[in-house]
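Input: a single structure, listed below in structure tokens.
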Amino acid sequence: MLDVRLIRNDPDAVRSGLARRGEDLALLDRLVELDGEHRALTAERDALRAEIRSLSNQVGTLHREGRSEEATALQEESRALGERERELDVRCDEASTAVRDILLRLPNLPAPDCPDGAGEVDNVVVRVEGFDESAYRDHQRVPHWEVGEELGILDVERAVKLSGSMFVMYRGAGAALVRALCQLAIDRNVDRYEEVRPPTLVRTDTLISTGHLPKFVDEAYHLERDDLWAIPTAEVPLTSLHRDEILAEGDLPRRFVAHTSCFRREAGSAGKDTRGLLRVHEFDKVEILALGTPAQAAELHREILERAEGIVVELGLAYRVLDLCAGDIGNSAARTFDIEVYAPGVDQWLEVSSVSWFSDYQARRANLRFRPESGKGTEVLHTLNGSALAVPRVWAALVETHRQPDGTVLVPDPLRPYLTPYLGGDGPLR
RNA sequence: GGAGGGAUGGCAGAGCGGACGAAUGCGACGGUCUUGAAAACCGUUGGGCCCUCACGGGUCCCGUGGGUUCGAAUCCCACUCCCUCCGCCA
């Protein structure tokens, strides 16, 4: 959520920020108008209330002194004011609800150093690591769904029987590989990040805090009977962990790592990437997230990116880092670096992590604040996060990249300790 | 799922229609005293919104939403959450 005061004090900055995203500015105009209305109404209402309060106090005094006739006169006067106050109050509420509705739908402003651009094609490739197109051999040019089926480690057909298309099931060594990947990603981050196992079903407020609601209702699974939502990412519960709290500056930054299932309806991409693991409704992901002061944010952003990259490197995958342009960053983000791994079997770059800085956008929605060590009052925090590891796409790139001429998959060293029962003999993993 | 109890400031806990943003205690912070510390004493100690360059002022917040009233932490209604017991259960 944007700061209304910023919208009031520097509307041009907000306007140009939203324009960089290609956002329609009509909503903003409407917001400015409603906000002015709201403030005028509030001022009028508060003045009336002050008068009513003072009259009521006088009534009390008069009654105690036994001057009930004078009291009755004042009561009449106050009653009349009360009627107007109620009327104003209703209009005031309407205006403030309308303001909030728009505020909840306006996206974050892109950071000044976020590259310009209208969409995907304008994203800036920051670096490419470990990629040599000519080095891939034929045995690596097999899509993961074929590799998976061949080795009996991926069973898409039966997953579809159980749950429908875009659900998948890993089996045997494939299932173990999912577990190994998650555990590796957690173990690599527990040095500084507190391990959390949060709920995966959350209330509406929790999804509003991160910016997933109200705008993206169609993307989320909703359990109507209980009015709970299945989380699309651990970002959702982790961001709300300290919701409505005021943290001490000395306790910042707070860092969290969480492994959860993630659920996405993928309503906007029906028919896209329907094969294999590229786009699925339910998947495992290890997320890292930090809450910090505005001054700490840049360094935290760098740190999360470094950690997300580190795991991809350990897994021996080719990857590139993109600096997403203003037209392509997510609704809540101010700046985002995407990590994409190269999957030789499908010959595609797969997004496996979005490392985002949300400035105070989510924190304002979640009412996450801190008390500065020097000075008074409270300030809004900054939130940042990124996937340490998102299973399906990493799993896909991994089995394609490390497929051997005999069809088995060579497991990279860092994963081996987690897979010992599967590495002996002539199984699918070597 | 059934029966009962409860929700007040950082915590504990009073207030049950008028001067209550709220007693008191604890904690925290500042000061006096002290070589230093403790004790004692004195003081300070929530957040949101609006107006103001500022000083300051107004208003709202006692789980949430509505109602009664000149006036609500206090009365009424609904909801939510928590606790205890019973049932069920991985």
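From a predicted model like this one, the values you see are computed outputs, not experimental measurements. Residue numbering restarts at 1 for every chain, and letters A, B, ... go by the order of the sequence lines. Just the heavy atoms: all of them, side chains too, but no hydrogens, waters or symmetry mates, feed the values below.
Between A/R79 and B/C70 there is a side-chain polar atom (N or O) within less than 4.0 angstrom of OP1 or OP2. Look at A/R53 and you won't find any side-chain N or O under 4.0 angstrom from OP1 or OP2 of B/C70. Considering only side-chain N and O atoms, A/T378 lies under 4.0 angstrom from the phosphate OP1 or OP2 of B/G48. Considering only side-chain N and O atoms, A/R371 lies under 4.0 angstrom from the phosphate OP1 or OP2 of B/G47. Listed pair A/R5 / B/C49 meets the phosphate criterion, a side-chain N or O lying under 4.0 Å from OP1 or OP2. At least one side-chain nitrogen or oxygen of A/R39 sits closer than 4.0 Å to the OP1 or OP2 atom of B/C51.
Of all nucleotides listed (B/G58, B/C50, B/C70), B/C50 comes nearest to the side chain of A/A43. Counting only heavy atoms from C-beta on, A/R369 has its side chain closest to B/G47 among B/G47, B/C50, B/G18. Among B/C70, B/C50, B/G48, the nucleotide with an atom closest to any side-chain atom of A/R8 is B/C50.
Of all nucleotides present, only B/G63 satisfies the Watson-Crick or G-U wobble test against B/C79, with each distance under 3.5 Å. Here B/C85 sits opposite B/G2 as a Watson-Crick or G-U wobble pair (both hydrogen-bonding atom distances under 3.5 Å). The pairing partner recorded for B/G27 is B/U45, the criterion being a Watson-Crick or G-U wobble arrangement whose two distances lie under 3.5 angstrom. Of the nucleotides present, none pairs with B/G21 by Watson-Crick or G-U wobble criteria with both distances under 3.5 Å. The partner of B/A54, taking Watson-Crick or G-U wobble pairs whose two distances both stay under 3.5 Å, does not exist in any strand shown. Using N1 to N3 plus N6-O4 or O6-N4 for Watson-Crick, or N1-O2 and O6-N3 for G-U wobble, each under 3.5 Å, B/G9 pairs with nothing. Applying the Watson-Crick and G-U wobble criteria (two distances, each under 3.5 Å), B/A73 pairs with nothing in any strand. Base pairing of B/G36: no nucleotide in any strand meets the Watson-Crick or G-U wobble criterion (both distances under 3.5 Å).
Taking a 6.0 Å sphere around CZ of A/R15, one finds it holds more than 12 heavy atoms contributed by other residues, nucleotides or ligands.
Of the residues near RNA chain B, A/E51 and A/G60, the one whose nearest nucleotide (by heavy atom distance) lies more toward the 5' end is A/G60. Summary of the strand contacts: A/T42 and A/Q75 both lie near RNA chain B, and taking for each the nucleotide with the nearest heavy atom, the more 5' one is attributed to A/T42.
Taking both residues in full, the closest heavy atoms of A/P232 and A/C262 are given as O-CB, 3.2 Å, listed atom of the first, atom of the second, then distance. Across all their heavy atoms, A/D323 and A/D113 have their closest contact at OD2-O, 4.5 Å.
Atom CG of A/L55 is separated from atom C1' of B/G58 by 16 Å (rounded to the nearest Å). The nearest whole Å value for the distance from the CG atom in A/D46 to the P atom in B/C60 is 7 Å. If you take CZ of A/R203 and C1' of B/U80, they are 8 Å apart, rounded to a whole angstrom. Atoms CG (A/N367) and P (B/C61) sit 18 Å apart, rounded to a whole Å. Between A/L48 atom CG and B/C60 atom P there is a gap of 11 Å when expressed in whole angstrom units. Straight-line distance from the CD atom of A/E245 to the C1' atom of B/G47: 14 Å, rounded to whole Å. Atom NE2 of A/H38 and atom C1' of B/U59 are 12 Å apart (whole Å). Atom P of nucleotide B/G10 and atom CG of A/D251 are separated by 16 Å, given to the nearest angstrom.
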Heteroatom pairs (N/O) under 3.5 angstrom, protein to nucleotides 71-79 of chain B:
unit_1, atom_1, unit_2, atom_2, d
B/G71, O4', A/S56, OG, 3.0

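Nucleotides B/G67 and B/C62, compared at atom P, are 15 Å apart to the nearest Å. Nucleotides B/G31 and B/C81, compared at atom P, are 47 Å apart to the nearest Å. The gap from the P atom of B/C79 to that of B/A23 amounts to 34 Å, rounded to the nearest Å. To the nearest whole angstrom, the two C1' atoms, one in B/G71 and one in B/C75, are 13 Å apart. B/C86 and B/A12 are spaced 26 Å apart, taking the P atom of each and rounding to whole Å. Only the P atoms considered, B/U45 is 16 Å distant from B/G21, to the nearest whole Å. Nucleotides B/A40 and B/C50 have their C1' atoms positioned 45 Å apart, rounded to a whole Å. Separation of the C1' atoms belonging to B/U8 and B/U32 is 34 Å when rounded to the nearest angstrom.
Looking at A/H63 and A/Q75, their side chains do bring a donor and an acceptor atom within 3.5 Å of each other. The closest side-chain donor-acceptor pair between A/S359 and A/R335, if any, does not fall under 3.5 angstrom.
Between A/H281 and A/Y221, the angle of the ring planes goes over 60°, which puts this pair in the perpendicular group of the 30/60° scheme.
Taking CG from A/L389 and CD from A/Q183, the interatomic distance works out to 12.5 Å, rounded to the nearest 0.5 Å. Taken from CD1 in A/I102 to CZ in A/R105, the straight-line distance is 9.5 Å, to the nearest 0.5 Å.
Under the 3.5 Å distance criterion, the side-chain polar atoms of A/S78 are left unmatched by any main-chain donor or acceptor of A/L74.
Among A/E303, A/R254, A/R188, A/E287, the single residue meeting the side chain to side chain donor-acceptor pair (under 3.5 Å) criterion with A/Y193 is A/E303.
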